[in-house]
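Below is one structure, written out as structure tokens; comments come after it.
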Amino acid sequence: MALASSLQNPGCRIRITSKGLQFVKQEGLRFVEEELEHIIIPDLSGKEGNFNYNISNVRVTHLHLAQSELWFQPHKQLVLDINNASISLTFQRKLLYWLFYDVGMINASAEGVHIKTKVDLSRDELGRMKIANMTCDASINRMHADFSGTLKRVYDFLGAFITSGMRFLLNKQICPALKHAGLVLLNSLLHTVPVRNPVDDYIGIDYSLVSDPDVSEDSLDMDFKGMFFSLSAKNETIPNMSPELYIKEKERMVYIALSEYFFDSAMHAYFYSDVLSLEIADDQMPKDLEVLLRTSFFGSIMLLDPSVAESPMKLELRVLAPPRFTIKPSGTSVSVNAILNIFLTPKDLPPVQLSSLTMESRLSAKVTLKKKTLQVHLDLKRFRIFSNKSALESLALIPLQNPLKTLLQLTVMPVLNERTKRGVQIPLPEGLDFTRETTSHHAGFILIGGDLHFSKSLREVIEKYRPAPTISTTTVGNNDSI
């Protein structure tokens with residue numbers, strides 16, 4: 001097969017719809033709340049006339065995101081808009097006014113918090129989706145601190161200096177915290193999406209993006225190479241001649257379209273890994289089939305030495321070319337051409353070939369998706385054999401059709417289905433699975449729609465892959481920055 005340097009069309013396309021985005025938003029907002037609750041606010045100190053103050057140990061105790069919207073913005077952005085949020089704080093005070101010195105805790109709150117972030121999506125050098133850039137705007141409408149004690153009137157009079165300073169410092173920390181959450185932490189989550197991974201001992205799968213994610217007003221489309229490859233020829237590229245994958249459905253949270261090329265590349269990889277062959281001998285050989293074979297080739301056997309003629313039989317099945325998938329609205333089928341060699345195996349002597357038969361078979365394929373595992377179940381539907389020698393011998397083989405078909409169903413098909421049952425992972429982040437799957441067939445591709453489910457929380461996965469913290473210095477605020 002000819003090789004190509006690039007693919008014309010993706011072998012796999014995943015679409016996240018507006019419904020899917022709103023589902024992800026709920027888990028994402030919980031993550032945003034947790035990140036903002038852990039922001040570090042530097043100490044604040046200053047002097048205003050005879051009033052000296054020092055604010056330290058500022059902690060966010062509660063954050064409420066009252067109104068939030070998350071939407072697609074063509075062609076590569078997601079936009080998160082949070083309005084009228086509130087942030088509750090506590091901090092340690094040290095105040096000196098004339099000869100009066102006071103220390104204690106103060107409860108404060110930031111009201112009317114507005115945060116708007118735009119996330120730019122692209123692919124990295126490995127073909128993995130990444131957050132390439134983030135813009136962030138944040139503002140706090142008002143800040144209030146609850147003062148108590150004998151100096152309450154003094155605090156109320158001079159507290160504006162403190163609250164305005166706190167509002168300034170808090171506002172400065174919101175966007176850096178969100179940018180770190182997106183560019184570092186969420187990208188670590190996206191790194192859990194498989195790009196080039198082994199499937200088994202023979203083949204691997206390439207899920208690199210062939211283009212940047214495409215964002216429309218109501219969906220996000222990701223086009224993946226979707227090509228299997230032999231582990232013994234990892235750099236081989238198979239040209240994609242399948243038609244473009246077109247998804248018009250938007251009712252479910254997520255859709256995945258898989259082209260004929262996706263499945264054909266798997267068959268190509270297995271074929272050139274030399275695993276599409278099988279021997280049937282000894283206890284695997286049904287006795288009635290062996291009797292029928294000896295009867296069919298009686299003339300050839302009679303010409304052999306008796307010690308050879310009475311030796312056990314062996315069948316060698318070998319696929320001649322990579323099997324081909326055909327996907328139509330009526331279903332999916334697989335065409336397989338193979339050669340069946342029939343041998344006698346005398347002890348301590350080379351095998352003696354009795355005949356070589358060509359087999360043409362058609363399998364039906366049922367594709368299912370469970371969580372993130374794509375599986376294929378195969379059934380043998382059509383089967384015929386004919387001789388490579390003569391049409392007359394082909395006629396003589398008609399009685400072998402049904403017994404050989406039964407043999408394939410009992411021996412070969414279980415082996416194939418055991419391998420396909422292991423399945424292959426689809427390119428979704430760790431902790432995110434498909435549920436309530438539905439499968440439909442179209443001309444040239446299979447479309448699986450479903451809803452999303454978090455088997456692990458966003459926080460759980462991110463903490464698992466959180467990058468090691470780096471040492472940084474904290475800038476101490478002063479009155480000049482207010």
- Item | Pair Q77, D120: side-chain N/O donor-acceptor within cut-off below 3.5 Å | yes
Check your understanding: Less than 4.5 Å apart, any side-chain heavy atom of F91 and any of D43?
Key -> no
- Item | Side chains of N141 and H114, donor plus acceptor under 3.5 Å | no
Q. Hey, is E33 close enough to R30 for a salt bridge, meaning N to O under 4.0 Å?
A. no
Applying side-chain contact (heavy atoms from CB on, under 4.5 Å) to T90 and not counting sequence neighbours gives R59, T61, M105, N107
Note to self: Between F445 and Y246, is the ring centroid distance below 6.0 Å?
What the structure shows: no
Hits for ring-ring contact (aromatic ring centres under 6.0 Å, His included) against F263, two or more places apart or cross-chain, chain-then-number order -> F325
Cut-off 3.5 Å, side chains only: do E437 and T368 have a donor facing an acceptor? no
So the disulfide (SG to SG under 2.5 Å) pairs with at least one residue in residues 178-210 (sequence neighbours excluded) are none
Could you list the donor-acceptor pairs under 3.5 angstrom formed between side-chain atoms of residues 427-434 and any protein atom two or more places apart in sequence or on another chain?
residue : atom : partner : partner atom : Å
E430    : OE1  : Y465    : OH           : 2.6
E430    : OE2  : K456    : NZ           : 2.7
E430    : OE2  : K464    : NZ           : 3.0
D433    : OD1  : K372    : NZ           : 3.0
D433    : OD2  : S455    : OG           : 3.2

Identify whether the distance between the nearest side-chain nitrogen and carboxylate oxygen of R15 and D221 falls below 4.0 Å. yes
Correct closest heavy-atom pair for S335 and R362 would be OG-NH2, 3.1 Å
Open item on the list: Is it true that T439 and H441 share a donor-acceptor pair across their side chains at a distance under 3.5 Å?
Closed with: no
ring-ring contact (aromatic ring centres under 6.0 Å, His included) filter on F72, not counting sequence neighbours, yields none
By salt bridge (Lys or Arg N to Asp or Glu O under 4.0 Å), R167 pairs with (sequence neighbours left out) none
Contacts of D200 meeting salt bridge (Lys or Arg N to Asp or Glu O under 4.0 Å) (sequence neighbours excluded), chain-then-number -> none
Sorted by chain and number, sequence neighbours left out, side-chain contact (heavy atoms from CB on, under 4.5 Å) with R436 holds for R252, D451
Salt bridge (Lys or Arg N to Asp or Glu O under 4.0 Å) filter on E279, not counting sequence neighbours, yields K314
Q) Do the two ring centres, one from F262 and one from F228, sit under 6.0 Å apart? A) yes
When rounded to the nearest 0.5 Å, the distance separating NZ of K250 from OG of S219 is 4.5 Å
Taken in chain and number order and not counting sequence neighbours, the residues that satisfy salt bridge (Lys or Arg N to Asp or Glu O under 4.0 Å) with E463 are R459, R466
Residues pairing under salt bridge (charged side-chain N to carboxylate O under 4.0 Å, His left out) where one sits in residues 255-274, two or more places apart or in two chains, turn out to be D264-R324
Contacts satisfying salt bridge (charged side-chain N to carboxylate O under 4.0 Å, His left out) that involve residues 189-198 (not counting sequence neighbours) are R196-D206
